[in-house]
Structures are given as C-alpha cells and as structure tokens.
Engineer: 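Sharing a structure, written as structure tokens. Questions coming.
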Amino acid sequence: MWKKVVPRKTGRNIMAVALLLMLFTLFGCTTGVKKDAGLTDFEAPGIPQNVTAIGKERAILVNWSANTEPDLVGYRLYRSNSSGGPFTLIATIGTQPAPSYLDNDQQNGLVNDQYYFYKISAFDTQGKESDLSRTNSIQARAGLPAEERPPRVVNIKARASMEAVYVAWDKVTTSHIKGYNIYRGLSTSAGGVQWVSSVPQDTPGFVDTSISKSSAEQYTYIIRTFNENYTESENSDPVQVTLRSGDDTIPTSPYGLAVSMDTDPIISWNKPQVNEDGSNIFSGQNPTLDIDSYLIFRANSNDALFALIGIVEDNGTANLTQTFKDVNGTPYNLFAVRALDRNGNVSKMSSITTQASDADIPAVPRNVKAWASTATEAGIKLAWDSAKNAVSYNVYFSTVADGGYTKMLTSQPQWNEASPYVINAYPSSFNQNPDKKGQKLEFGVPYFFKVSSVSSSGKESELSPYVKAYPGGMFVAILEGENPNWEFDDVANDGLNHFYVVYSSKDYTNIDFYSGAGAALLVPSTVGVPGSGDQFRYGSGNLLSSDYFRLPAPSTGAYRYNVYAYYYPHPSSGNWRVSIREDGILSSTLLEKDLNGYNAIAKGRASMALGQIQINAGVRGIDIDMTAINAGSGGNAMVFFDCLVFVRVM
C-alpha cells in the first residue's frame with residue numbers, strides 16, 4: 001500500500017498562506033483604495049480637494065469637494081490668522097454631498113477686511129485623519145466683495161484739539177444707507193482700528209471725546225457706511241491726527257452768522273479777530289493768522305441737539321469771512337460754528353442762526369459757579385448768569401466730571417450768590433447708584449454740576465461746562481485712613497503687615513470713590529474689647545506728645561462736632577469699635593461707637609453717623625482708637641476704612 005508523504009517545507013507554505021488570509025480578513029489591506037467600510041484598516045482618508053473660500057458679511061464661506069471613502073465620517077476645519085499657523089480646530093462637519101461651512105466665529109462675527117487662513121482634513125470610522133501637514137492652506141478676506149457692499153466714504157477730514165478729535169466726511173446719498181460706523185486706532189494704517197461709535201446718514205461728522213487726553217497721541221480714523229442689513233462698506237482712506245498741546249490764546253467765537261434760503265443752505269460767518277485774553281489773532285495785514293479751520297454744527301429746531309456736520313479749512317489770511325454749503329440740511333435747521341486754531345484751542349460755540357421763525361433757542365448759561373455751603377451741613381451752592389431767551393433752568397448732577405449727568409432739578413429760577421438754594425442730597429432719580437438715591441451728600445469727595453436754560457416754548461439749551469465742589473459746613477475736618485500718623489498696634493506682635501492702601505481692582509471691587517489717595521485696609525490678627533484686640537490708633541495719649549488730631553477749640557465755651565465714618569461694606573469685614581477721647585493720659589472719652597463693616601456683597605462707599613463730640617476751651621486735640629472687636633458673618637475681621645469726618649455745628 002502506498003502512503004502519500006507531504007514534504008515539511010510544503011506544509012509550512014500552506015500554514016503561511018492561511019495566516020495571511022486571516023490577517024487580511026481581520027485588518028484589511030494596508031495599501032490601495034478602500035473597498036469595504038466594514039474592514040479594519042490603517043489608511044487615513046485622502047486630503048479634501050477643490051477647497052474655496054468666499055468672504056461674506058463678518059464671515060467666510062468655505063466649500064470643498066466630498067471625499068469618496070466608504071468609511072468616511074466627516075471633516076475637520078482649522079483656522080489661523082497666519083498662513084504659517086498655528087491652526088486651531090473651529091468646526092467638525094459631517095458628510096455632505098457638497099460640503100461647506102459658514103465661519104462666523106460662533107455667531108460672534110469675523111472682522112471684516114481681515115484675512116483668515118483655513119485647512120481642512122477628513123477622518124474615518126477608525127479615527128484616522130488626513131495629513132494636515134501636507135494640506136495647503138487657503139486664504140480669504142472676511143466681508144462681502146466690494147461690488148456687493150454699500151458705497152465707501154470719501155473726503156474724510158480730521159482735526160484735533162486738546163480735548164477731542166473732530167472727524168467729518170462727505171455724505172453718502174445712496175438709498176438704503178442707514179449711517180456710518182467710526183473706527184479708531186493708534187496705528188498709522190486701517191488694520192489696527194476698533195469701532196468707537198455710529199452716527200446716522202444725515203450726520204456726516206463725529207466728535208470723539210473718548211480719546212486719551214495726553215498730548216502727542218496720534219490717532220487713525222476710518223469710516224464705513226452701513227445699510228439696513230448692517231452690511232458695511234469698504235474702509236474709507238485712513239486719516240491721521242495728533243492731539244495738540246494748546247496754549248493760552250483761545251480764539252473767540254465766529255460771529256455774524258447767517259443762513260441762506262437755498263435748498264442746500266449756505267452758512268456764512270465773520271472770522272474771530274481776537275482771542276479770549278484780548279490778544280489779536282491777526283498780525284498787521286494778515287487776519288486770522290493763527291486759525292486752522294472751522295467746525296460746523298447742525299441741529300433740528302425741535303431739540304437743539306447739535307452734531308458736527310463739516311470741517312472747513314481757513315480760506316486764507318486775506319479774507320475776513322467764510323462760508324459752508326450744507327447739502328444735507330434745510331434753512332430751518334439750527335446752525336452754529338466753532339473756530340479751531342493751530343495749537344488745538346477751540347472757541348466756544350457761536351450764536352445760533354436759522355430761518356425758522358419760531359426758534360426761540362435759549363442761550364447756554366454762562367459763569368456757572370459751585371462752592372461749599374457754610375449754612376448747612378453737607379451742602380453745595382450754585383450760581384449762574386441769566387441766559388438769553390431763558391424762562392427757567394435745569395440743574396444736572398454727576399459724581400464724575402465726564403460721566404453721565406442726571407437731571408436733578410427742573411424749572412428753576414436763576415440762582416445767584418445770594419439765593420437761598422442749597423443742594424445737600426443725591427437726586428432721587430440717581431440711577432448710576434440706586435443705593436444713594438436721596439441720601440445725604442458725602443464729605444471728602446467732589447460733585448459735578450451742569451446747568452441748562454429753557455425757553456418759553458420748552459426748548460432746552462446745551463449744558464454748560466461742568467463745575468465741581470465739595471460738600472461743606474461751618475467747618476469740615478477730614479482724617480484720612482491712609483494718613484501716615486496712624487499706627488497699627490497688633491497684640492500678638494507677629495511682625496506681619498496689617499495695614500494696606502487699596503484702590504478699586506478685581507480683588508477690591510467698588511473701592512473707586514474715596515477721599516484722599518485711597519482706602520485703608522486693616523487686617524487684624526487678634527480681636528477683642530479695647531485693650532485685648534488689635535488697634536488702629538491716631539495719637540499716643542501721653543503728656544509730652546504732639547501726635548494728636550487737632551480740631552479748633554474756642555477760647556471760651558465749647559464747639560460741637562458731628563462725626564461720620566466712611567467705609568466700604570464687604571464680605572470679609574468685621575466689627576470695629578471707634579473710640580474718641582481728648583488728647584492726654586487722663587483724658588475723658590468723648591464718643592464710643594461700634595462700626596459694622598460686614599455686608600454679604602462688596603458695596604461702594606458708605607457712611608455712618610458716629611455721634612457728636614464736644615471740644616471745650618483749651619483742648620488741643622483728640623486721640624482716636626479703632627479696635628477690632630469681633631469677626632463679621634463671613635468669619636473675617638478686616639475693614640476697608642476711608643476716613644473720619646468732623647463737621648462743626650452751631
């Protein structure tokens with residue numbers, strides 16, 4: 001009987017073939033085109049092809065051809081501000097017959113006219129991604145193409161004073177234009193600008209008062225129109241302007257204004273010939289030698305809210321008059337002009353001209369004054385000159401010079417220095433800080449006022465320049481918390497710092513309204529009744545020391561003082577006891593009051609009436625102890641302390 005014998009080498013070949021078939025079945029082929037989405041493989045999808053990018057309004061639309069791999073899951077889109085990267089993943093997109101993605105920065109909007117760079121990869125069910133390093137980036141500029149945008153602004157002009165920048169341009173008359181966006185930057189090109197404001201279509205001008213008030217700052221401005229869909233035009237040509245340093249020769253206002261009855265009214269005026277100090281603007285036969293340009297303002301007769309509409313360069317030293325044609329207004333608008341000299345000094349507004357027969361425009365009140373009242377505690381008095389066409393006046397209030405002003409008094413008569421009127425409380429309509437509505441004015445901080453006049457028909461003038469004053473009384477003394485004569489006595493003598501001067505910051509919010517140089521932050525280590533708790537002391541209380549706080553004392557009898565503490569309620573604050581005594585070792589205690597510094601939220605400056613002290617004849621001064629007696633509800637015993645105020649009363 002024959003027996004078939006298989007050689008050992010042939011058996012090994014059969015086993016190898018079987019093993020390869022198993023590997024192919026499990027993992028698929030590692031080269032070539034994918035045939036079956038169910039097979040496991042190590043091959044990444046191909047790089048997406050035919051990528052294009054098109055600018056849209058504050059967005060970019062990216063398109064590409066669909067990949068054909070059967071196990072494709074989707075695409076990843078990467079963006080950079082530079083062609084060299086780095087590229088950041090911004091979106092993951094699923095499979096689509098015609099894939100695309102609108103990049104509007106997650107609804108935040110891209111920056112129009114800025115270039116962006118994109119790369120796209122594809123990835124499959126195994127998580128494998130096409131090679132991004134071998135993918136070319138594509139560049140696109142955000143914003144619609146020029147032919148799809150509103151018309152651009154031309155003939156932009158800019159002038160600067162010490163306090164503001166004045167920008168004007170030609171009106172764009174195309175329909176569907178809603179207005180203009182103003183952009184400003186510190187660079188010399190349009191690339192570094194940011195939006196600062198918008199104005200309506202019929203007001204081709206803007207006064208920028210939000211600039212830094214330091215001299216030699218150079219600013220760049222561009223203007224863009226926008227339509228009813230808020231689509232913007234291309235940039236105007238950039239214009240640069242440098243703040244001026246000013247001098248002491250401020251020009252007087254242009255005078256003799258007149259307006260024609262033309263469809264496009266012509267405003268004319270006489271040039272100022274002298275400065276406010278009486279010096280001549282001209283030299284010999286060269287009038288207006290120092291004048292650079294004129295700023296033209298227009299308002300509606302029913303509101304008298306003036307807006308800049310044009311800038312006109314001075315027409316030469318041989319001319320004493322000048323004109324401006326307003327293609328946007330009517331003869332029944334109100335017009336006024338200001339002069340700007342070469343040093344950045346701006347005149348006051350000229351008189352107002354109009355052809356409207358019922359325009360009883362009141363003049364702006366002049367010579368407004370403010371001062372501390374000695375007749376009432378925490379009072380401020382105002383006075384101003386009578387204004388033309390005015391039958392009453394409105395008084396405006398603010399806690400900051402350039403901030404929003406609240407109308408606090410209306411239908412007031414003219415106030416003069418002999419008038420009995422005194423302001424001693426916050427307006428009841430003071431919405432900037434509702435907690436202070438109707439409260440007594442605070443000592444040690446300034447308050448700001450403006451006044452307007454009102455005509456018989458109810459028209460209101462522009463507001464006067466602001467004036468400021470500090471609340472007063474018969475006599476006011478302020479002991480600041482940061483005064484260097486205070487001493488901190490820590491019972492533990494631990495060598496740590498327990499006293500800091502703080503201002504408003506992310507760590508100490510709402511400490512932005514204080515007298516002096518800041519607020520004192522007191523951080524005790526030990527709390528307890530006076531003698532056992534840490535103390536903040538003014539005056540050493542010995543016979544030889546002159547280290548005390550001096551309050552005026554009478555030669556006979558006694559003076560009485562109301563005492564107020566100003567502090568900042570805070571979650572980390574605790575309770576402190578304020579003790580005031582006559583200076584000296586055996587002196588008597590004049591006042592003792594506990595100050596609760598805790599509040600669940602950090603609040604602004606608050607006041608507490610501590611009581612009244614009496615200073616007898618011969619008393620040279622007072623000593624003050626502030627003792628940390630216990631922690632507040634937040635578990636800490638700090639206190640944010642601004643000052644003590646002593647107000648003499650009759």
Engineer: How far does OG1 of T353 sit from CD1 of I267, to the nearest 0.5 angstrom?
Structural biologist: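 So the gap between those two atoms works out to 8.5 Å.
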Engineer: Which heavy atom in I601 sits nearest to a heavy atom in N599, and how many Å separate them?
Structural biologist: O-ND2, 3.0 Å
Engineer: Can you list the residues that meet the salt bridge (charged side-chain N to carboxylate O under 4.0 Å, His left out) rule with K157, with sequence neighbours excluded?
Structural biologist: E313
Engineer: What I want to check is whether the side chains of S260 and D262 have a donor and an acceptor closer together than 3.5 Å.
Structural biologist: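 Present: a donor and an acceptor within the cut-off.
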Engineer: Taking atom types as modelled and ignoring hydrogens, do the side chains of Y116 and D103 form a donor-acceptor contact shorter than 3.5 angstrom?
Structural biologist: no
Engineer: Is a donor on one side and an acceptor on the other found under 3.5 Å between the side chain of S398 and the backbone of A401?
Structural biologist: no
Engineer: Is there a side-chain contact between P251 and I291, using heavy atoms and a 4.5 Å cut-off?
Structural biologist: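 Side-chain contact under 4.5 Å: yes.
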Engineer: Apply salt bridge (Lys or Arg N to Asp or Glu O under 4.0 Å) to E234 and R141, showing your working.
Structural biologist: CA-CA 12 Å; E234 290 190 296; R141 186 179 72 170; 3.5 Å; yes
Engineer: Kindly indicate, with the supporting measurements, whether the criterion ring pair (Phe, Tyr, Trp, His ring centres under 6.0 Å) is fulfilled by F123 and Y75.
Structural biologist: CA-CA 6 Å; F123 66 97; Y75 309 89; 7.9 Å; no
Engineer: Please tell me if the side chains of L61 and Y101 come closer than 4.5 Å, counting only heavy atoms from C-beta onward.
Structural biologist: no
Engineer: State, to 0.1 Å, how close P265 and V259 come at their nearest heavy-atom pair, and which atoms those are.
Structural biologist: CB-CG2, 3.7 Å
Engineer: In the structure I gave you, are the side-chain heavy atoms of I311 and L295 within less than 4.5 Å of one another anywhere?
Structural biologist: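 Yes, at least one pair of side-chain atoms sits under 4.5 Å.
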Engineer: Taking atom OH of Y466 as the centre, report whether more than 12 heavy atoms of other residues, nucleotides or ligands fall under 6.0 Å from it.
Structural biologist: no
Engineer: Got a sec: does the CD of Q194 have more than 12 other heavy atoms crowding it under 6.0 Å?
Structural biologist: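 12 or below, so no.
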Engineer: For the residue pair K271 / N315, report whether a side-chain donor-acceptor contact shorter than 3.5 Å exists.
Structural biologist: yes
Engineer: Report the residues that fulfil salt bridge (charged side-chain N to carboxylate O under 4.0 Å, His left out) with D202, sequence neighbours left out, ordered by chain and then residue number.
Structural biologist: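 Scan of D202 (salt bridge (charged side-chain N to carboxylate O under 4.0 Å, His left out), adjacent residues dropped) gives K171.
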Engineer: Hydrogens and angles aside, do T225 and S233 bring a side-chain donor and acceptor to less than 3.5 Å of each other?
Structural biologist: yes
Engineer: Report yes if the side chains of S347 and P254 come closer than 4.5 Å at any heavy-atom pair, otherwise no.
Structural biologist: yes
Engineer: Would you say W169 and N155 are linked by a side-chain donor-acceptor pair, where the criterion is simply a distance under 3.5 Å?
Structural biologist: no
Engineer: For residues Y118 and Y78, determine if any side-chain heavy atom of one lies less than 4.5 Å from a side-chain heavy atom of the other.
Structural biologist: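 Y118 does not reach Y78 side chain to side chain.
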Engineer: Are F87 and F117 near enough that their ring centres are under 6.0 Å apart?
Structural biologist: no
Engineer: State the CD-CG distance between E57 and N104, to the nearest 0.5 angstrom.
Structural biologist: 11.5 Å
Engineer: Do V445 and R605 have side-chain heavy atoms sitting under 4.5 Å apart?
Structural biologist: yes
Engineer: F306 pairs by side-chain contact (heavy atoms from CB on, under 4.5 Å) with which of L334, V207, I296?
Structural biologist: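 Output: one option passes, namely L334.
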Engineer: Mark yes when over 12 heavy atoms from residues, nucleotides or ligands other than K437 sit less than 6.0 Å from its NZ; otherwise mark no.
Structural biologist: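 Yes, because the 6.0 Å sphere around NZ of K437 holds more than 12 heavy atoms from other groups.
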Engineer: Whether R224 engages the ring of Y183 as a cation-pi pair (distance to the six-membered ring centre under 6.0 angstrom, angle to the ring normal within 45°) should be assessed.
Structural biologist: yes
Engineer: Please work out whether the ring planes of F430 and Y426 are parallel, tilted or perpendicular, with thresholds of 30° and 60°.
Structural biologist: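 Ring orientation of F430 relative to Y426: tilted.
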Engineer: So, S121 and E129: side-chain donor and acceptor under 3.5 Å apart, yes or no?
Structural biologist: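 Yes - a donor-acceptor pair under 3.5 Å links their side chains.
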Engineer: Tell me yes or no: between the side chains of N394 and K450, is some donor less than 3.5 Å from an acceptor?
Structural biologist: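 Result is no, nothing qualifies.
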Engineer: Minimum heavy-atom separation for V51 to P48, with atom names?
Structural biologist: CG2-O, 4.0 Å
Engineer: Would you confirm whether N227, through its side chain, and N229, through its main-chain N or O, come within 3.5 Å as a donor-acceptor pair?
Structural biologist: yes
Engineer: Give, for atom CZ of R338 and atom OG of S253, the distance between the pair rounded to the nearest 0.5 Å.
Structural biologist: 8.0 Å
Engineer: Got R184 and D208 here, is their nearest side-chain heavy-atom distance under 4.5 Å?
Structural biologist: yes
Engineer: Would you mind checking if R79 and D105 are paired as a salt bridge, meaning a charged N to carboxylate O distance below 4.0 Å?
Structural biologist: yes
Engineer: Counting C-beta onward and ignoring hydrogens, is there a side-chain heavy-atom pair between P150 and V172 closer than 4.5 Å?
Structural biologist: no
Engineer: On a heavy-atom basis, which atom in L257 and which in A336 lie closest, and how many Å separate them?
Structural biologist: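 Looking at all heavy atoms of both residues, the shortest contact is CD2-CA, 3.8 Å.
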Engineer: Take L243 and I211 through the side chain to side chain contact (heavy atoms under 4.5 Å, CB included) test and state the conclusion after the steps.
Structural biologist: CA-CA 9 Å; L243 291 188; I211 54 174; 3.3 Å; yes
Engineer: Nearest 0.5 Å, what's the CG-CG distance between D237 and N235?
Structural biologist: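 Those atoms lie 9.0 Å apart.
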Engineer: Before accepting this row, confirm whether a basic side-chain N of the pair E43/K128 lies closer than 4.0 Å to the acidic partner's carboxylate O.
Structural biologist: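 No, E43 and K128 are not salt-bridged.
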